[in-house]
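Read through the structure below, which is laid out as structure tokens, and then see the notes.
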Amino acid sequence: MNTFLVSRELLAWYDRHARGLPWRETHDPYRVWVSEVMLQQTRVDTVIPYYQKWLENFSDLHSLAAADERQAMQLWEGLGYYSRARNMLKTARILIEQRAGQFPDSIAELKKLPGIGDYIAGALASIAFGRDEVALDGNGLRVFARLAEFDQPINEAAGKAAIRELMQSMLPQGRAGDFNQAVMDLGATICVSHNPQCDQCPLTKHCHAFQNNTQDRFPLRIKKKPIPQYAVVAAVLRNGDTVLVDKRRADGLLGGLWEFPGGKVEEGEDLHTALVREIREELGVDITVHADIGTYRHAYTHFKVVVTVFEADILSGEPAALAADEIQWVRPVELDQYPMGKVDRLIAHSLL
DNA sequence: AATACGTGGCA
DNA sequence: TTGCCAAGTAT
């Protein structure tokens, strides 16, 4: 492969076909950063409305550093990977307090900030600061794995490192940001996972996969383990016209979001028993379980759940936040003010 | 190195 | 319906 030609022709293609995206209107590090964080594992079409809403509420680093966490989580609700939002708040505050509100421009310093890893550090350095640095994401891995019929799995460190070196070797001095974005645009619009549009690709004459018609076989990946499925129960506990919700601890799944109390059903346990046990563990109260008011199936990244929701009443005791950061009695109509994951939001809406 | 971490689109 | 995958990072 002639890396010089690939690089030159890719840039020429990008000059004509770059997508007009909201975060490409400036090179403002704050805006580039917001977009890159939101775009992790998330499609452009999904991100755009979130990006615009976020910028309307937090137009710069100062307003984000001063932000209310609940407001930030509400704006993030539905995007997933919620630690991204919490890390953005942390990073904004670090930059305001320790760096006079300026992003560092070196990879090493950028990577010290919460939520900034190899990719975002490279993206900020190259796109926002014009430095000659690689930003390698899933698109780049796929594009170059096909170009070279790359024989190593791209979801292992060695494979990623080799492709990073290939990209490094063809990085056009002075236009690394455009080059990185060109690779991503090509991967997102033409060299897509399934049914790549090779008839529109500017690189077919360099592409080994195209020449051998092996696009479907690349990139190679190590297979993931099958994911387990769990039965989960949740309770709608009532007190007058309010229901009880709890705020999950900051770490872990859906950290910092609100939920209806409950948990996993153990092996051999029936749903009622599980719910009584979970509520006793989480809130320190005994309940009577009433009607089943809904079943929800949901797939997280590494497991699936079937959630059964029950109406329930407290028999004795005052609920306490034994396993959560906070508990609150809330009227269902007010629950939109409480950031939640998908399943709990569906349950909340079912109560209206 | 392997696993945890959300959600929605698509075949 | 099920499984794969999408602008990754933290531990």
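Reminder, nothing fancy here: chain letters follow the sequence lines and each chain counts from 1.
Of the N and O atoms on the side chains of N2(A) and H206(A), not one donor lies less than 3.5 Å from an acceptor on the other residue. Between the side chains of Y82(A) and E77(A), no donor-acceptor pair of N or O atoms lies under 3.5 Å.
Taking every heavy atom of residues 339-347 of chain A and every atom of DNA chain B, pairs under 4.0 Å involve G341(A), K342(A), by number. At a non-hydrogen distance threshold of 4.0 Å, D118(A), Y119(A), I120(A) from residues 118-128 of chain A come into contact with DNA chain C.
Within 4.0 Å of A299(A), counting heavy atoms only, lies at least one base atom of the nucleic acid. Residue contacts shown for P114(A) are limited to sugar-phosphate atoms, with no base heavy atom under 4.0 Å away. When heavy atoms are screened at a 4.0 angstrom cut-off, G252(A) is found touching the sugar-phosphate backbone but no base atom. Using a 4.0 Å heavy-atom criterion, one finds that G78(A) contacts the sugar-phosphate atoms exclusively. Residue contacts shown for W76(A) are absent, as no nucleic acid heavy atom lies under 4.0 Å away. Contact annotation for L21(A): base contact, defined as any heavy-atom pair under 4.0 Å involving a base atom. Counting any heavy atom pair closer than 4.0 Å across all strands shown, R24(A) reaches a base atom.
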Could I get a table of every N or O pair under 3.5 Å where one atom is in the protein and the other is in nucleotides 2-6 of chain C?
unit_1 : atom_1 : unit_2  : atom_2 : d
dG3(C) : OP2    : K304(A) : NZ     : 2.8
dC5(C) : O3'    : S193(A) : OG     : 3.3
dA6(C) : OP1    : R142(A) : NH1    : 2.6
dA6(C) : OP1    : S193(A) : OG     : 2.7
dA6(C) : OP2    : R221(A) : NH2    : 3.4
dA6(C) : N3     : Q41(A)  : O      : 3.4
dA6(C) : N3     : R43(A)  : NH1    : 3.3

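If you take CG of L110(A) and P of dT9(C), they are 11 Å apart, rounded to a whole angstrom. Computed from coordinates, the K160(A) NZ to dT9(C) C1' distance equals 10 Å when rounded to whole Å. Distance NZ (K112(A)) to C1' (dT9(C)): 18 Å, rounded to an integer number of Å.
Chain A approaches DNA chain B over the interval dA1(B) to dG8(B), counting the first and last nucleotide 5' to 3' with an atom under 4.0 Å from its heavy atoms.
In the hydrophobic cluster analysis, where Ile, Leu, Val, Met, Phe, Trp and Tyr join through side-chain heavy atoms closer than 4.5 angstrom, V285(A) is grouped together with F310(A).
Residues satisfying the side-chain hydrogen bond (donor to acceptor under 3.5 Å, both in side chains) test with D118(A), not counting sequence neighbours, are K111(A).
Note on residues 291-307 of chain A: no pairs pass side chain to side chain donor-acceptor pair (under 3.5 Å), not counting sequence neighbours.
For E156(A) and Y300(A), each mapped to the nucleotide of DNA chain B holding its nearest heavy atom, the one lying further toward the 5' end belongs to E156(A).
Side-chain contact check for Y51(A) versus L79(A): every heavy-atom pair is 4.5 Å or farther apart.
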